[in-house]
Amino acid sequence: MSIMAATAVFSLSPHPLISFLYSLYPILMTTMRTEARPPNFGNWGVSSLVTQEIFNAIFLHRDDNVCPANNFYTYHSFIQATACFPSFGNSACLSTRKREIAAFLAQISHETTGGWATAPDGPYTWGLCFKEEVNPQSDYCDSTNKEWPCYPGKSYKGRGPIQLSWNYNYGPAGKALGFDGLRNPELVSNNSLTAFRTALWFWMTSQPPKPSCHDVMVGRYVPNQVDLDANRTVGFGFVTNIINGGLECGRPNDARVNDHIGYFQRYAKLFNVDPGPNLDCAYQKSFA
């Protein structure tokens, strides 16, 4: 008997027990639909916007043999990592959600790019090509930081999608995510899930006086007077300033900043969303 037919019978001859069982039908069906989902797979809001097909189109060459990180950055790991940060890609309206995801993917693409001006399919299809910094200039140990002391013999060079660097980032990232970032920083470039989780941790976490990249992209952060005096206007350029402003911002027509923007504009187009204003940080002062 169909549900509609059953409803007609119940309405003609209601029985308390049958009525009660029928009232549970929507709940049972919702539970069944929920349980049919793979457990702990990730943020379903993000996966509805970033499908496997879109992920592959964005990172067109990530698994090429010429990329040192080939077969490391998987779609499954990315989506699973978002489970730790349910607000990522799920705040505000649909356009804002798309714009934040595009901005995050653009930033990690620049940090791990293997592209060049005449690269096949263009320079902005080569994100996630590297998982470790090439030829680091130091071990990135800030010995003056006593809260997160360096472990002997360890390097805190750039690793993972965001190229996490310095002991004062590895320490708190590991604490937040459940691994020893100071004693085992190599995990960020040895485990795909951990790699994406550290990138999302950096994106979602404020480091005063810097706001989080997330808060900037979803419009939650309001620039204070110090920001205004430094010309730090909210937009994608502000996020670049948060991530690497000391090296890249305050320099008109900087090639690295242009690379950030190029990735972002390509991804925004793929997501069919306006990238918004203030893409550059050429005239912004970096954070002290």
Side-chain angles (χ1 to χ4, degrees), residues 38-43 46 59 62-63 67-89 104-105 107-113 127-215 239 242-247 287-288:
N40 302 318
F41 186 66
N43 185 324
V46 172
F59 301 111
R62 77 181 189 282
D63 291 333
C67 286
N70 66 85
N71 298 315
F72 179 72
Y73 294 114
T74 68
Y75 173 73
H76 183 277
S77 292
F78 168 64
I79 296 300
Q80 192 175 3
T82 63
C84 296
F85 306 95
S87 294
F88 172 74
F104 171 78
L105 296 178
Q107 292 291 349
I108 66 174
S109 294
H110 168 78
E111 295 297 326
T112 58
T113 185
L128 298 185
C129 192
F130 290 87
K131 60 180 181 176
E132 291 188 334
E133 181 179 355
V134 178
N135 299 321
Q137 301 302 304
S138 73
D139 58 8
Y140 293 92
C141 170
D142 179 1
S143 59
T144 66
N145 190 297
K146 304 304 180 184
E147 183 178 5
W148 306 106
C150 304
Y151 193 74
K154 295 297 182 179
S155 170
Y156 302 102
K157 66 181 180 179
R159 295 183 178 92
I162 205 74
Q163 290 291 280
L164 192 73
S165 305
W166 296 99
N167 50 307
Y168 50 74
N169 282 318
Y170 275 90
K175 181 179 180 180
L177 300 174
F179 73 98
D180 193 334
L182 295 177
R183 289 173 179 260
N184 192 18
E186 299 87 359
L187 189 64
V188 180
S189 56
N190 292 340
N191 184 283
S192 180
L193 177 57
T194 300
F196 275 120
R197 290 172 75 202
T198 59
L200 286 164
W201 169 84
F202 189 92
W203 183 266
M204 301 296 294
T205 304
S206 62
Q207 297 180 327
K210 299 180 182 181
S212 72
C213 300
H214 168 74
D215 283 350
V239 171
I242 292 171
I243 295 174
N244 216 16
L247 296 175
F287 290 88

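Residues: numbered from 1 along the sequence shown. Quick caveat: nothing in here was measured; it's all calculated off a predicted structure.
- The OG1 atom of Thr82 lies 10.5 Å from the CE atom of Met204; values are rounded to the nearest 0.5 Å.
- The minimum heavy-atom distance between Thr205 and Ser212, with the atom names listed, is C-CB, 3.7 Å.
- When every heavy atom of Thr194 is checked against every heavy atom of Phe179, the shortest pair comes out as CG2-CE2, 3.9 Å.
- Tyr168 approaches Asn145 most closely through the heavy-atom pair CB-ND2, 3.5 Å.
- Counting heavy atoms from C-beta on, the side chains of Ile108 and Phe59 come closer than 4.5 Å.
- Remark: His110 NE2 to Ile162 CD1 distance equals 10.0 Å, nearest 0.5 Å.
- Between atom CH2 of residue Trp166 and atom CG of residue Asp139 there is a gap of 8.0 Å, rounded to the nearest 0.5 Å.
- The shortest side-chain heavy-atom distance between Glu132 and Pro68 does not fall under the 4.5 Å cut-off.
- Side chain to side chain, Tyr140 and Glu133 meet the donor-acceptor criterion of an N or O pair below 3.5 Å.
- The closest donor-acceptor contact from the side chain of Lys131 to the backbone of Ala69 lies at 3.5 Å or more, if one exists at all.
- Aromatic ring orientation, Phe78 versus Phe88: perpendicular (interplanar angle above 60°, classes split at 30° and 60°).
- Taking CG of Leu193 as the start and SG of Cys84 as the end, the distance is 7.0 Å to the nearest 0.5 Å.
- Using modelled atom types, no side-chain atom of Asn244 and backbone atom of Leu247 make a donor-acceptor pair closer than 3.5 Å.
- Looking at Asn71, its side chain never comes within 3.5 Å of a backbone N or O of Asp63 through a donor-acceptor pair.
- The shortest side-chain heavy-atom distance between Trp203 and Gln107 falls under the 4.5 Å cut-off.
- Separating the CG atom in Leu128 from the SG atom in Cys67 is a distance of 9.0 Å, to the nearest 0.5 Å.
- Looking only at side-chain heavy atoms (C-beta outward), Val188 and Glu186 stay at 4.5 Å or farther from each other.
- Considering only heavy atoms from C-beta on, Tyr156 stays 4.5 Å or farther from Asn169 through its side chain.
- By the 4.5 Å heavy-atom criterion applied to side chains, Phe202 and Ile243 are counted as neighbours.
- Contact check for Pro208 versus Phe287: no side-chain heavy atoms found under the 4.5 Å cut-off.
- If you take OH on Tyr170 and OG on Ser165, they are separated by 6.0 Å, rounding to the nearest 0.5 Å.
- Heavy atoms only, all atoms of each residue included: Trp201 and Leu177 are closest at CB-CD1, 4.2 Å.
- Across all their heavy atoms, Pro185 and Leu182 have their closest contact at CD-O, 3.6 Å.
- Of all non-hydrogen atoms in Ala199 and Pro161, the two that sit nearest each other are CB-CB, 3.9 Å.
- Screening Phe72, Tyr73, Phe104, Tyr75 against Phe196 for a ring pair (Phe, Tyr, Trp, His ring centres under 6.0 Å) leaves a single residue, Tyr73.
- When side chains are defined from C-beta on, Thr112 counts as touching Gln163, because their heavy atoms get closer than 4.5 Å.
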